[in-house]
J.: 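Can you keep this structure in mind? I'll have questions shortly.
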Amino acid sequence: MKIFIVGMGYVGLVNAACLAEMGHKVCGADINKEKIDKLERGRCPIYEPGLQEIIEKNLKSGNLTFQIGVDKNINKFDMVMIAVGTPEREMDGRADLFYVGETAREIAKHCVKKELLVVGKSTVPIGTANQIRESLAIYNRKKTKFYVGSNPETLREGKAIYDFMNPDRIIIGGDKKVRDALLKLYEKINAKKIVTNARSAEMIKLASNFMLALRVSATNILAQLCEATGADIEEVMKGVGMDRRIGPHFLRAGIGYGGSCFPKDTKSIKSIAEHYRLDTSLFDSVMKINAEQRRWLCQKVEEMTLFTLKNKKIAVWGLAFKPNTDDIREAPSIDIIKWLTKEGALVSVYDPAANIKKIFGGKIRHCKDKYEAIKDVEILLILTEWEEFREADLARVKKMMLIPKIVDGRNIFDPKAVKKLGFEYTGMGRI
Ligand code: UGA
């Protein structure tokens with residue numbers, strides 16, 4: 001099929017590259033000229049394992065092209081996917097549909113075909129596909145028949161290519177013509193396909209992210225309870241996850257969820273409930289517990305510090321909101337480092353992929369190596385569970401630190417083993 005994708009952010013770009021890899025002809029459009037220039041030169045603007053190679057390969061084969069903005073070129077395609085950003089509105093946490101609206105208008109304006117399939121890929125409030133349909137009809141002058149649907153993306157950052165090729169399910173909603181076309185588009189992918197109406201498809205995406213965020217917050221509140229009662233959250237969740245009705249995923253305690261999806265989508269689903277005057281207490285609790293985890297870690301640092309944090313050297317390992325990405329959006333590390341610097345601590349940080357120079361500039365020390373960051377420090381904080389931290393030589397770490405103390409915000413180490421090596425150590429909900 002010939003697919004035109006609007007928005008070369010995370011969602012749009014991964015989809016464009018993977019659909020091209022599957023043999024479809026794909027054009028990716030974005031209003032950001034700099035980004036398109038880079039892409040046309042085969043350079044991937046985001047950190048995502050494997051993506052660069054797929055882009056290069058499909059640019060060469062001609063399956064993948066890029067262009068600036070939406071124009072009459074869309075008439076050469078069977079389907080347009082809308083994958084533009086839907087950032088959170090500061091005033092009320094609702095998803096901002098400005099870019100979706102602009103894109104629908106542009107598609108309508110340039111479309112002169114008899115019919116066109118238009119699919120929403122971005123995570124959006126319920127009813128957005130219907131608004132897209134209305135907008136297309138209003139702004140189109142050529143009496144094009146638009147068929148509209150929703151095919152929300154379910155990719156995890158850092159594992160996006162794998163998730164695209166091996167999804168648990170593909171969510172397909174909307175007009176029959178769109179549903180049939182999407183079934184055809186993904187026919188080579190061996191996954192369950194859930195075919196429903198556009199509103200339910202939009203809701204499945206938001207509800208899935210909320211259920212996962214809920215599990216993380218439930219685990220984190222249990223971690224607090226474990227620590228208070230002398231139980232170990234890692235052992236507890238191992239046992240809980242062995243119940244097949246519950247399952248083992250998203251039961252890791254720590255400093256809470258971050259990223260561009262869970263924080264935004266929990267606020268978005270709450271604002272929808274609020275709009276319909278429904279009970280929002282469960283959504284509120286999930287968000288409150290998540291924020292509390294960051295404060296809990298700060299409290300642990302305070303308890304471990306002699307007298308005051310002022311002028312104390314503190315190291316941070318891990319800045320990204322999770323491993324295998326350089327994404328720092330809503331990363332717990334930002335709030336925690338802000339607090340450390342406010343308290344007057346001398347902070348040195350290291351992450352294998354992410355950097356926070358734009359936020360903190362010269363206020364903190366940005367290191368190129370994990371060992372460089374810990375030289376003469378009094379406490380080491382683990383804020384992202386990168387594999388290279390698990391593999392660290394702890395004897396070397398101990399020698400390099402001024403005082404061997406670790407606050408492990410992601411429970412990557414075994415408390416007994418670390419304490420045996422002579423560290424003062426605390427995890428999140430562990431004994
Ligand atoms: C999430 C969903 O997993 C994807 O299915 C979805 O497509 C995507 O959002 C989206 O809406 O675009 P992502 O944000 O990449 O993907 O990250 P996850 O791997 O789901 O992790 C989310 C957060 O939960 C991370 O901060 C992670 O550290 C945290 N987490 C995860 C925990 O604290 N504990 C866990 O056990 C699991």
Side-chain angles (χ1 to χ4, degrees), residues 210-243 245-258 262-263 266 280-309 312 314 316-318 321-322 330-333 335-340 342-343 345 378-385 389-390 403-431:
F210 173 67
M211 288 299 288
L212 293 172
L214 173 66
R215 276 172 83 99
V216 172
S217 279
T219 303
N220 281 331
I221 200 74
L222 287 170
Q224 295 190 25
L225 200 54
C226 281
E227 205 167 286
T229 56
D232 185 319
I233 191 69
E234 292 289 313
E235 294 295 312
V236 169
M237 294 329 264
K238 207 187 277 170
V240 170
M242 280 178 192
D243 182 334
R245 294 166 304 174
I246 299 172
H249 304 292
F250 280 74
L251 298 182
R252 267 188 357 258
I255 44 176
Y257 60 77
F262 285 12
T266 44
T280 62
S281 51
L282 188 57
F283 304 114
D284 292 325
S285 296
V286 166
M287 291 188 262
K288 187 165 167 275
I289 294 165
N290 198 54
E292 191 50 45
Q293 291 307 106
R294 299 172 191 195
R295 275 198 291 276
W296 193 27
L297 182 124
C298 296
Q299 193 187 320
K300 283 169 179 288
V301 174
E302 236 169 15
E303 279 163 14
M304 232 185 218
T305 310
L306 288 172
F307 306 112
T308 163
L309 273 162
K312 296 280 167 61
I314 309 287
V316 169
W317 276 3
F321 82 97
K322 65 171 192 178
E330 298 276 344
S333 63
D335 282 348
I336 292 166
I337 295 167
K338 272 188 185 154
W339 172 77
L340 285 170
K342 210 170 124 223
E343 291 290 321
E378 301 197 16
I379 307 179
L380 165 61
L381 315 188
I382 316 278
L383 302 188
T384 316
E385 65 277 34
F389 301 150
R390 288 184 209 278
I403 314 174
K405 292 179 179 177
I406 296 179
V407 179
D408 183 354
R410 299 292 184 176
N411 289 345
I412 64 169
F413 295 126
D414 170 12
K416 282 194 196 86
V418 182
K419 283 178 193 166
K420 214 171 150 197
L421 281 171
F423 283 92
E424 194 179 321
Y425 173 90
T426 174
M428 306 295 280
R430 307 207 66 186
I431 42 169

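Nothing fancy with the numbering, it's 1 onward along the sequence. Predicted, not measured: the structure shown is a model, and the values here were computed from it.
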J.: Which value, rounded to the nearest 0.5 Å, describes the distance between I431 atom CD1 and E235 atom CD?
T.: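 Rounded to the nearest 0.5 Å, the CD1-CD separation comes out at 8.0 Å.
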
J.: Do you know which of E292, Q299, Q293 makes side chain to side chain donor-acceptor pair (under 3.5 Å) with R295?
T.: E292

J.: Nearest 0.5 Å, please: how far is CG in L214 from CZ in F283?
T.: 9.5 Å

J.: Can you tell if the side chain of W339 reaches within under 4.5 Å of the side chain of L297, non-hydrogen atoms only?
T.: no

J.: Would you name the heavy atoms of C226 and V236 that are closest together and state the gap between them?
T.: SG-CG2, 3.8 Å

J.: Could you please spell out the steps behind the side chain to side chain contact (heavy atoms under 4.5 Å, CB included) verdict for L381 and L340?
T.: CA-CA 11 Å; L381 315 188; L340 285 170; 3.8 Å; yes

J.: Distance check, rounded to the nearest 0.5 Å: L380 atom CG versus I403 atom CD1?
T.: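 It is 13.0 Å, given to the nearest 0.5 Å.
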
J.: Quick check for you: to the nearest 0.5 Å, what is the distance between I289 atom CD1 and D284 atom CG?
T.: 11.0 Å

J.: How far apart are the closest heavy atoms of G318 and T384, and which atoms are they?
T.: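 Distance-wise, the nearest heavy atoms are C-OG1, 3.1 Å.
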
J.: Which pair of non-hydrogen atoms, one from T219 and one from L251, has the smallest distance, and what is that distance?
T.: CG2-O, 3.1 Å

J.: What heavy-atom pair brings R294 and Y257 nearest, and what distance separates the two atoms?
T.: NH2-O, 3.5 Å

J.: Taking all non-hydrogen atoms of both residues into account, name the closest pair between A223 and I233 and its distance.
T.: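 Smallest interatomic distance, heavy atoms only, reads N-CD1, 3.5 Å.
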
J.: Is any side-chain heavy atom of L212 closer than 4.5 Å to a side-chain heavy atom of V216?
T.: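 A side-chain contact is absent here, since even the closest heavy-atom pair is not under 4.5 Å.
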
J.: Show me, pair by pair, the donor-acceptor contacts under 3.5 angstrom made by side chains of residues 417-428, not counting sequence neighbours?
T.:
| from | atom 1 | to | atom 2 | distance (Å) |
| --- | --- | --- | --- | --- |
| Y425 | OH | D408 | OD2 | 2.6 |
| Y425 | OH | F413 | O | 3.3 |
| T426 | OG1 | K300 | NZ | 3.1 |

J.: Let me confirm one number: the CD-SG distance from E303 to C298, rounded to the nearest 0.5 Å.
T.: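 Atom-to-atom, E303:CD and C298:SG are 11.5 Å apart.
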
J.: For residues L222 and M237, determine if any side-chain heavy atom of one lies less than 4.5 Å from a side-chain heavy atom of the other.
T.: yes

J.: By side chain to side chain donor-acceptor pair (under 3.5 Å), which residues pair with R430, not counting sequence neighbours?
T.: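 Scan of R430 (side chain to side chain donor-acceptor pair (under 3.5 Å), adjacent residues dropped) gives D232.
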
J.: Roughly how far apart are R252 CZ and E385 CD, rounded to 0.5 Å?
T.: 4.5 Å

J.: The test is side chain to side chain contact (heavy atoms under 4.5 Å, CB included); show your working for L383 and I336 and say whether it passes.
T.: CA-CA 9 Å; L383 302 188; I336 292 166; 4.0 Å; yes

J.: Given 3.5 Å as the limit, does a donor-acceptor pair link the side chain of E330 with the main chain of G258, or not?
T.: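 No.
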
J.: Got a donor-acceptor contact below 3.5 angstrom from the R410 side chain to the I382 backbone?
T.: no

J.: If you take all heavy atoms of T266 and A213, which pair is closest and at what distance?
T.: CG2-CB, 3.7 Å

